[in-house]
Amino acid sequence: MSFDKDFLFNLKKLEREFYLKPVVKVARNLLGKIFVKLERNIVLAGMITEVEAYDGKSDQASHSYKGLNKRNQHMFYLGGHTYVYFTYGVHYCLNVVACREGYGAAVLIRAMEPLLGVEKFSYRRFNKRKLSEKEFQNLLNGPGKICQAFNLTTKQSGKDLLGDEMFILDYKNLSNKQIGCSERIGISKSKELMWRFYIKDSKFLSK
DNA sequence: TCTGCGATATTC
DNA sequence: AATATCGCAGAC
C-alpha cells in the first residue's frame, strides 16, 4: 500500500456531521483518519494514531471549563474547525473542535504516523533530510512535534476543516479491540477520566 | 534508558 | 502560580 497523492485524493473528506457528535465519540472515530495540510507546492499528511478528548463545562481539565476567553475562543466554534493554542511558552498544540457552536469541546491530536511530506517534516523537526528509524518514528509523536512538522501556529486556529487548506480524510474504521485508552497526559484535574485513546499496535505514539 | 530541568505566553 | 510539551544534559 502506498500513500501517494492519487491514493489520498480518492478518499472522502469527513463531513460536518462527523464532528457534531459527543467529543469522546469524535475522538475515538478520529483514530485511523488522515489529517492533510496543503502548502504551496506540497501535500502534508499523517494518519492520526493518538488523541485526547476535552469536553465543555463538565471537564475541569478542558480549556473551555471556565468559559470563553481570547485564547480559547476557537474552541467554541462549530464542530469541524481547528483550535491551535500556544503552551509552556514554547509549543503549539492542534485540536479538532467537536459538537455544536458555543459548546466548547475539542480533541487534542497527540500523535500521527507520517504519510506524505516526510522530507518537509524532517527538515522542520531535525533540520536534515536523512533520518534514522528512531527519528522517523519521532517525527509526529507528540502534540508539539505535530505543530512543528506541519508548521501550525495560532494563525491556523479557527480554520474550517471542511475547507481546502486543511481537512481530514475518511480512512480506517477501527474496532474497539484495536483501540487502547488511558488517563490523559500532563493534567492534574479530572485525571480519572480515561479519555486518551490510541491505536494499540501503532509504532507512532507519544511517550 | 532514565530523570530533572529550562524555556516562557497566557490566563486566573 | 499553573500549564493539554519537548529536547537536552548528566547519571547510570
Side-chain angles (χ1 to χ4, degrees), chain A residues 19 22-31 35 46 48-77 79 81-99 103-114 121-128 131-159 161 168 179-199 203-207:
Chain A
Y19 300 102
V23 68
V24 168
K25 189 175 179 116
V26 174
R28 295 179 67 105
N29 288 345
L30 277 172
L31 293 174
F35 175 79
I48 298 170
T49 57
E50 179 182 336
V51 295
E52 284 176 1
Y54 288 87
D55 203 0
K57 294 187 182 70
S58 69
D59 180 4
Q60 290 186 72
S62 174
H63 282 181
S64 60
Y65 179 62
K66 289 175 183 166
L68 190 141
N69 59 44
K70 194 170 179 183
R71 181 204 204 194
N72 69 15
Q73 55 181 318
H74 299 140
M75 198 169 169
F76 292 86
Y77 276 20
H81 285 75
T82 61
Y83 164 47
V84 183
Y85 66 84
F86 189 55
T87 192
Y88 291 103
V90 184
H91 297 290
Y92 295 93
C93 294
L94 169 67
N95 295 253
V96 173
V97 178
C99 308
Y103 185 89
V107 178
L108 172 67
I109 308 300
R110 288 194 58 87
M112 294 190 209
E113 175 174 341
F121 295 151
S122 304
Y123 273 115
R124 287 178 178 164
R125 291 269 301 117
F126 300 107
N127 196 30
K128 62 181 181 182
L131 300 187
S132 68
E133 180 69 17
K134 185 102 183 166
E135 285 170 324
F136 179 69
Q137 287 184 14
N138 289 340
L139 279 176
L140 306 177
N141 68 338
K145 298 174 185 178
I146 286 171
C147 286
Q148 188 186 0
F150 278 90
N151 195 24
L152 296 171
T153 69
T154 45
K155 269 187 193 154
Q156 281 75 42
S157 191
K159 301 273 187 183
L161 287 168
I168 302 179
I179 299 177
C181 65
S182 76
E183 295 176 343
R184 293 172 290 180
I185 293 174
I187 59 166
S188 54
K189 296 165 197 161
S190 297
K191 245 191 169 153
E192 68 284 358
L193 298 175
M194 305 288 274
W195 281 1
R196 170 175 172 260
F197 304 100
Y198 55 93
I199 301 178
K203 293 177 210 157
F204 302 89
L205 302 178
S206 68
K207 302 293 148 50

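Residue numbers start from 1 in every chain, and the chains themselves are labelled A, B, ... in the order their sequence lines are given, proteins ahead of strands.
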Spacing of [X] atom [atom1] and [Y] atom [atom2] [to the nearest 0.5 Å]:
X: Trp195(A); Y: Arg184(A); atom1: CH2; atom2: CZ; value: 6.0 Å
X: Asp55(A); Y: Tyr103(A); atom1: CG; atom2: OH; value: 3.5 Å
X: Leu108(A); Y: Tyr54(A); atom1: CG; atom2: OH; value: 6.0 Å

Self-check item: Position toward the 5' end of DNA chain C (nearest nucleotide), Ser188(A) or Asn138(A)
Solution: Ser188(A)
Quiz item: On DNA chain C, nearest-nucleotide positions of Ser206(A) versus Gly89(A): which is more 5'?
Solution: Gly89(A)
Calculate the interatomic distance between [X] atom [atom1] and [N] atom [atom2]; express it in whole Å.
X: Leu140(A); N: dT5(C); atom1: CG; atom2: P; result: 16 Å
X: Gln60(A); N: dT3(C); atom1: CD; atom2: P; result: 12 Å
X: Lys134(A); N: dC8(C); atom1: NZ; atom2: P; result: 14 Å
X: Tyr83(A); N: dA4(C); atom1: OH; atom2: P; result: 10 Å
X: Asn141(A); N: dG7(C); atom1: CG; atom2: P; result: 8 Å
X: Lys145(A); N: dA4(C); atom1: NZ; atom2: P; result: 18 Å
X: Ile185(A); N: dT5(C); atom1: CD1; atom2: P; result: 7 Å
X: Gln148(A); N: dC6(C); atom1: CD; atom2: C1'; result: 9 Å

Exercise. Measure the acute angle between the ring planes of Tyr85(A) and Tyr83(A), then classify it against the limits of 30° and 60° as parallel, tilted or perpendicular.
Key: tilted
Quiz item: Expressed as a whole number of Å, how far does the P atom of dA4(C) sit from that of dT3(B)?
Solution: 22 Å
Exercise. Go through the steps to decide whether Phe35(A) and Leu161(A) satisfy the test side-chain contact (heavy atoms from CB on, under 4.5 Å), and finish with yes or no.
Key: CA-CA 10 Å; Phe35(A) 175 79; Leu161(A) 287 168; 4.2 Å; yes
Over all strands shown, is [X] touching base, sugar-phosphate only, or nothing at heavy-atom distances under 4.0 angstrom?
X: Leu108(A); answer: base
X: Tyr54(A); answer: base
X: Asn72(A); answer: nothing
X: Arg71(A); answer: sugar-phosphate
X: Arg125(A); answer: sugar-phosphate

Quiz prompt | Residue Met75(A), side-chain heavy atoms: nucleotide from dA4(C), dG7(C), dT5(C) that is nearest | solution = dA4(C)
Quiz prompt | Side chains of Lys145(A) and Asn141(A), donor plus acceptor under 3.5 Å | solution = yes
Quiz item: Do Arg124(A) and Gln148(A) have side-chain N/O donor and acceptor atoms under 3.5 Å apart?
Solution: no
Quiz item: Within a strict 4.5 Å, meaning less than it, do heavy atoms of the Leu140(A) and Phe121(A) side chains meet?
Solution: yes
Self-check item: Start and end of the DNA chain B segment that chain A contacts, any atom under 4.0 Å from a heavy atom
Solution: dA7(B) to dC12(B)
Quiz prompt | Complement of dT8(B), any strand, by Watson-Crick or G-U distances under 3.5 angstrom | solution = none
Practice problem: Hunt down the Watson-Crick or G-U wobble partner of dA4(C), both distances under 3.5 Å, from any strand shown, or write none. | Solution: none
